[in-house]
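Being a predicted model, the structure only gives us computed values, none of them experimental. Lettering of chains follows the sequences in order, A, B, ..., and the numbering in each one begins at 1.
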Amino acid sequence: MTQQGLAPKYDPSSIEAAVYRRWLDTDAFAASVDSDREPYVIVIPPPNVTSVLHMGHGLNNTVQDVLIRYQRMRGRETLWLPGTDHAGIATQNVVERMIAQDGKRRQDLGREAFVERVWEHVHQTGESIIEQLKALGCSCDWSRTRFTLDDAYSTAVRRVFVQLHDEGLIYRGHRVIHWCPRCLTSLSDEEAEFRDRDDYLYYITYPFVDGETTEDPTRSGVVVATTRPETMFGDVCLVFHPEDERFQGLEGRLVEIPLSGVEIPIDRSTAVEQDFGTGMLKVTPAHDANDFDIAASLPTDYETPDTMTPDAHMAQVPRVPESLRGVDRDEARKRIVEALEQEGLLEKVEPYRHAVRLCYRCHTVVEPRLSDQWFVRMRPLAERALAAYHAGHLRFVPERWGKVYENWLTEIRDWNISRQLWWGHRIPAWYCDACDHITVAFDEPTGCEQCGGALRQDEDVLDTWFSSWLWPFATMGWPDETADLARFYPGHTLVTGPDIIFFWVARMVMAGYHFVGERPFDTVYLNGIVRDPLHRAFSKSLGNGIDPLEVVERYGADALRFTIVAGAASGTDVVMDRNHMDSTFAAGRNFANKLWNAARLVLQNVTDEPEPIDRLDPAQFELADRWILSRCQRVVAETTDALERFRLNDAANHVYHFVWDELADWYLEQVKPRLYGHADGGNVARAILIDVFETALHLLHPIMPFISEELWAHLPGTPETVLAGCAWPSPDERLIDAEAERQFAVVQAVVTGVRTVRAEYRVPPGATLTATVAPATAEALQAINAEQVTIQRLGKLSELAVSDSAEGVGGHAVLPDGTSLLVPLGDAIDVAKECERLRDEMNRLDAQIGRVAKKLANDQFVSRAPAQVVEREREKERTWREQREALAAKLAALGC
RNA sequence: GGGCGAAUAGCUCAGCUGGUCCAGAGCGCCUGCCUUACAAGCAGGAAGUCGGGGGUUCGAAUCCCUCUUCGCCCACCA
């Protein structure tokens, strides 16, 4: 596979497609039900088929791919199950907008034709989404791609509905729900978002109609405060708190709803807050959920008059004054307020800030509406999900999100699952025209199960989340007992955004336990949100988003992935600026190019497969060799540890700094003379270089799969497989060489010191720079047989003389004309500062040791504290004493 | 009303169990370099009293209290 001549610049577009094809051709992502490997499963949060992917998906899916690729290399049987969500209301809205361009509404097409039109749309977007995921490098098992409206999936949905109904956990309820007057459907509590709004509180007088007045002669009625005067025609009574002394004796009195002449009584309810408004509350059961509950709690059997149409206009009913019928709710409010003012019934208006609820899809203000809907009784389902969390069977990363999950489940309310839409799973319930019986069945019944009468199916569809919550197992063939289900359920990690903890995460846990009897995953990793420089979430309407595909085209998938992973600690938001694309993605792009060029150097100088390093004679290793091998082992350990702990940004940065700062900046420079044949030991250098570089490619692969795969294929001696399927490296303890690390650090300090001097004092090229160093440094250099250290990067200024006869720190440069220039060496090896620092350190250590010693000398402590605790203290004392000795030695060496 | 989070270099952010990653990274900025892997680069450099104030400690960016400023989530005071 070895080829020569990589281009001097990395061009991702020239390799990515071919690399991805290689993965597919080798079935690298296919999950086997037969292998004996331990499984590792992630189910994708199915993107909505509303449209193509945005940067949030880029982030989410990159994280998943990093995890899945890492586990695959660790030898797990990995399944990343891909798919898409039909996204009921969202998709229907999108298509409605599309046909609106032709001046059509869905009603014009009719249900069947409209649904057909939606299918057309989702076939397109669904396909694009899959292609986008591939462009990002996602290693999903495409043979298992699912869609929430697949036939098999629909079977699961219907089965669940019927089961819950049989269990008494689904019921038909008559109550006030959130209604979007634009989408013309009901919404769940979660789908009605809160938004603070500056509004007004109107104080309206309801005049008495039974002749008497209050003690106050100026008042001939009671005043009620409301934010929604337009609902007043639906009032059925006024209530005050039974203990409110201001209104004693008013119970049973009749007042008139202004502008309408409808008479309603005054009643009492403990639900009233005496301190709010006037303490008198109007009760509108059909247009306010609380009012509905209050009315229901009163002894009187009040009516529930509906005075508004589904699209939020005043209804054509007697209660509504004729002049207002058919008027939009906002316009109606205006007119009502004006009219009240004219009649002297508007006592006052106060500015009032409060939260209104908006439709989460179209942001229209939601209208509370009394209707019949299907509900899921959630409490019984929630208990198991809550218990699992408390028992530690479910973990959140970062942990704090667990509280959000816990809180929602604790306060859980029944779930309205019916939607008055056309796009979605039709509810498997049939109404009988003859009797009132409702038949719920998995297969379409032939007649009413009660009376055999003719049936018509419920027109509504199910909430899109009612199918999503089954995703972890419905995608694997449930309710059938499939091989996939047996092998890959329960799964392991769920990667998603914190905004859908209620909508999706908690519900999946509930469904998993209830229907399959096991948790769907053990860890929930919450990624952040992608934001613009003003910290606004990306959104279509703001036009601030960045198309991930555009980034892939310009900088490559790896650059995008690296930027995302390195820039986003778990749960923190990622800021991207579409106006500064170059700098936003510079880190990833530059790094990919660096790697590419490091590979060029390697490949130009290593054409044959070198000896494995364990067959080399370690005696031939130079300091730099031992150093880079040791550092390599450490970075393997660090990267592994970071990935295990879901600290993806740490993993990315560890490899980054190893490759760039250590491998490229120091080791590659150090081996050049050997590679070029200017020095002996070329074979050793080549062997170690390949070994280390290959290891780096492995570590990089989960984060930057394309470039690592491509470069790996070019290395001499690479087997005919793909890197994606290779084993993750494990650190070789025998190669850890702390002494080499220490010595090389000294070399680096000296070299850097010399460079600093050269730069600061403008020592011209060709001059010899003699550095005079502190005794300790000289000692270190001598210990590595460095009477004279040659530093390649200094080029023409290559000589560094070391002397241990120095008084203090300094150096002198000999210019080409023979003149000598005395210069200091800088902070790197400043004896005075170092001494000060060490003494400080020493004092602290002494204090610590003193404290621990005192503790351990205390019999009470030693005898009563748990053995582990005492042992830990002893351990502390030992290590600190060791540190102290080392410090003392350093101080002595420095001569201070 | 309740809860959560954030405040560290010009910008975006790391900093896990208080003490060798203790002041960091990337981008930006300044100086000098086209040194045959890389100018998407190399070498060097400037830059932060870690939001303010208290406290605990031998020692605090890190723990506690408080204040200020932002952000998010939940919530039936109409």
Considering only side-chain heavy atoms of A/H657, which listed nucleotide, B/C74, B/A25, B/A14, is closest?
B/A25

Below 4.0 angstrom, N of the basic side chain to O of the carboxylate: do A/D199 and A/R333 qualify?
yes

Using purine N1 to pyrimidine N3 plus N6-O4 or O6-N4 for Watson-Crick, or N1-O2 and O6-N3 for G-U wobble, each under 3.5 Å, what pairs with B/G41?
B/C33

Re B/G51: Watson-Crick or G-U wobble partner, both distances kept under 3.5 Å, found to be B/C67

Once you apply a heavy-atom cut-off of 4.0 Å, does A/H580 come out as touching a base, just sugar-phosphate, or nothing?
nothing

What's the CG-P distance between A/L358 and B/C73, to the nearest Å?
12 Å

Under 4.0 Å, counting only non-hydrogen atoms across every strand here, what does A/F502 touch: a base, just sugar-phosphate, or nothing?
sugar-phosphate

Would one find more than 12 heavy atoms of other residues, nucleotides or ligands at under 6.0 Å from atom NE2 of A/H354?
yes

Could you check how far CG of A/N590 sits from P of B/A25, rounded to whole Å?
16 Å

Check every strand shown and say whether A/Y676 touches a base, only sugar-phosphate, or nothing at a heavy-atom separation below 4.0 Å.
sugar-phosphate

In terms of the nearest nucleotide of RNA chain B, which residue is placed more toward the 5' end: A/S583 or A/W596?
A/S583

Does A/V283 reach a base, just sugar-phosphate, or nothing at all? Heavy atoms under 4.0 Å.
nothing

Please determine if a side-chain N or O atom of A/W660 lies less than 4.0 Å away from the OP1 or OP2 oxygen of B/C42.
yes

Taking atom P of B/C77 as reference, at what distance in whole Å does atom CG of A/N290 sit?
7 Å

Euclidean distance for P, B/C13 against B/C72 (whole angstrom)
14 Å

Between B/C16, B/G41, B/A78, spot the one nearest the side chain of A/R647, thanks.
B/C16

Can you tell me, in whole Å, how much space there is between the P of B/G2 and that of B/A46?
49 Å

For the C1' atoms, the ones on B/C64 and on B/G18, what distance do you get once it is rounded to whole angstrom?
13 Å

Both distances under 3.5 Å, Watson-Crick or G-U wobble: report the partner of B/G28, or none.
none

Looking only at side-chain N and O atoms, does A/Y352 offer a donor or acceptor that is under 3.5 Å from a partner on A/D198?
no

So what does A/Y202 hit on the nucleic acid, given a heavy-atom distance under 4.0 Å: a base, only sugar-phosphate, or nothing?
nothing

A/Y352, nearest nucleotide to its side chain (from B/A78, B/A40, B/A37):
B/A78

When you compare B/U68 with B/G28, how far apart are their C1' atoms, in angstrom units rounded to a whole number?
30 Å

Look at all strands and tell whether A/A289 reaches a base, only sugar-phosphate, or nothing, counting heavy atoms closer than 4.0 Å.
nothing

A/D665 side chain, from C-beta outward: closest of B/A78, B/C27, B/C42
B/C42

Looking at B/A78, B/G41, B/A37, which one has an atom nearest to any side-chain atom of A/D288?
B/A78

Should A/K672 and A/E669 count as an ion pair when the cut-off is N to O under 4.0 Å?
yes

Nearest-angstrom distance, P atom, B/G5 to B/C16:
15 Å

Among B/A78, B/C4, B/A37, which nucleotide has an atom closest to any side-chain atom of A/N597?
B/A37

Please compare A/R645 and A/Y656 by the position of their nearest nucleotide in RNA chain B and report the one closer to 5'.
A/R645

Taking atom C1' of B/C76 as reference, at what distance in whole Å does atom NE2 of A/H287 sit?
17 Å

At under 4.0 Å, does any side-chain N or O of A/R413 touch on OP1 or OP2 of B/A75?
yes

Taking atom P in both B/A7 and B/A61, what distance in whole Å separates the two?
15 Å

Side-chain atoms of A/A355 come closest, of B/A75, B/A78, B/C38, to B/A75

Parallel under 30°, tilted from 30 to 60°, perpendicular over 60°: which one fits the rings of A/F240 and A/F247?
tilted

Is there a Watson-Crick or G-U wobble partner for B/A60 with both distances under 3.5 Å, and if so, which one is it?
none

Considering the options A/Y405, A/Y360, A/W408, which one meets the ring pair (Phe, Tyr, Trp, His ring centres under 6.0 Å) requirement together with A/F503?
A/Y360

Go through B/C38, B/G5, B/C77 for me and flag the one nearest to the A/E273 side chain.
B/C77

Take atom P in B/A9 and the same atom in B/G24, then report the distance between them in whole Å.
13 Å

In terms of side-chain geometry, is the basic nitrogen of A/E230 or A/R329 positioned less than 4.0 Å from the acidic oxygen of its partner?
no

Between A/N653 (side chain) and A/N649 (backbone), is there a donor-acceptor pair under 3.5 Å?
yes

Quiz question: going by heavy-atom distance under 3.5 Å, is there a donor-acceptor pair between the base of B/C38 and the side chain of A/K594?
yes

Heavy atoms under 4.0 Å, any strand shown: does A/K9 hit a base, just sugar-phosphate, or nothing?
base

Is there a side-chain polar atom (N or O) of A/N605 under 4.0 Å from OP1 or OP2 of B/A37?
no

Select base, sugar-phosphate, or nothing to describe what A/A664 touches, counting heavy atoms under 4.0 Å on all strands.
base

Selected nucleotide, minimal atom distance to A/F194 side chain, candidates B/C77, B/C42, B/A75:
B/A75

Ignoring hydrogens and geometry beyond distance, is a side-chain donor-acceptor pair present between A/Y667 and A/E662 at under 3.5 Å?
no

For A/F591 and B/A39, what is the distance between atoms CZ and C1' respectively, to the nearest whole Å?
19 Å

When rounded to whole Å, the CZ to P distance for the pair A/F658 and B/A25 reads 19 Å

Is it true that A/E367 and A/R357 have a side-chain N and a carboxylate O under 4.0 angstrom from each other?
no

Could you state the CG-C1' distance from A/D650 to B/G24, rounded to the nearest angstrom?
12 Å

Think A/K403 has a side-chain N or O under 4.0 angstrom from the OP1 or OP2 of B/G5?
no

What is the pairing partner of B/C76, taking Watson-Crick or G-U wobble pairs with both distances under 3.5 Å in any strand?
none

Determine: side-chain N/O of A/N653 to OP1/OP2 of B/G15, distance under 4.0 Å, yes or no.
no

Using only side-chain N and O atoms of A/R357, determine if any of them is under 4.0 Å from OP1 or OP2 of B/C76.
yes

Taking the C1' atom of each, how far is B/G26 from B/C70, in whole Å?
24 Å

Side-chain donor/acceptor contact of A/E669 with base of B/A43 under 3.5 Å:
no

Nearest whole angstrom, please: distance from the P of B/C13 to the CE of A/M576.
12 Å

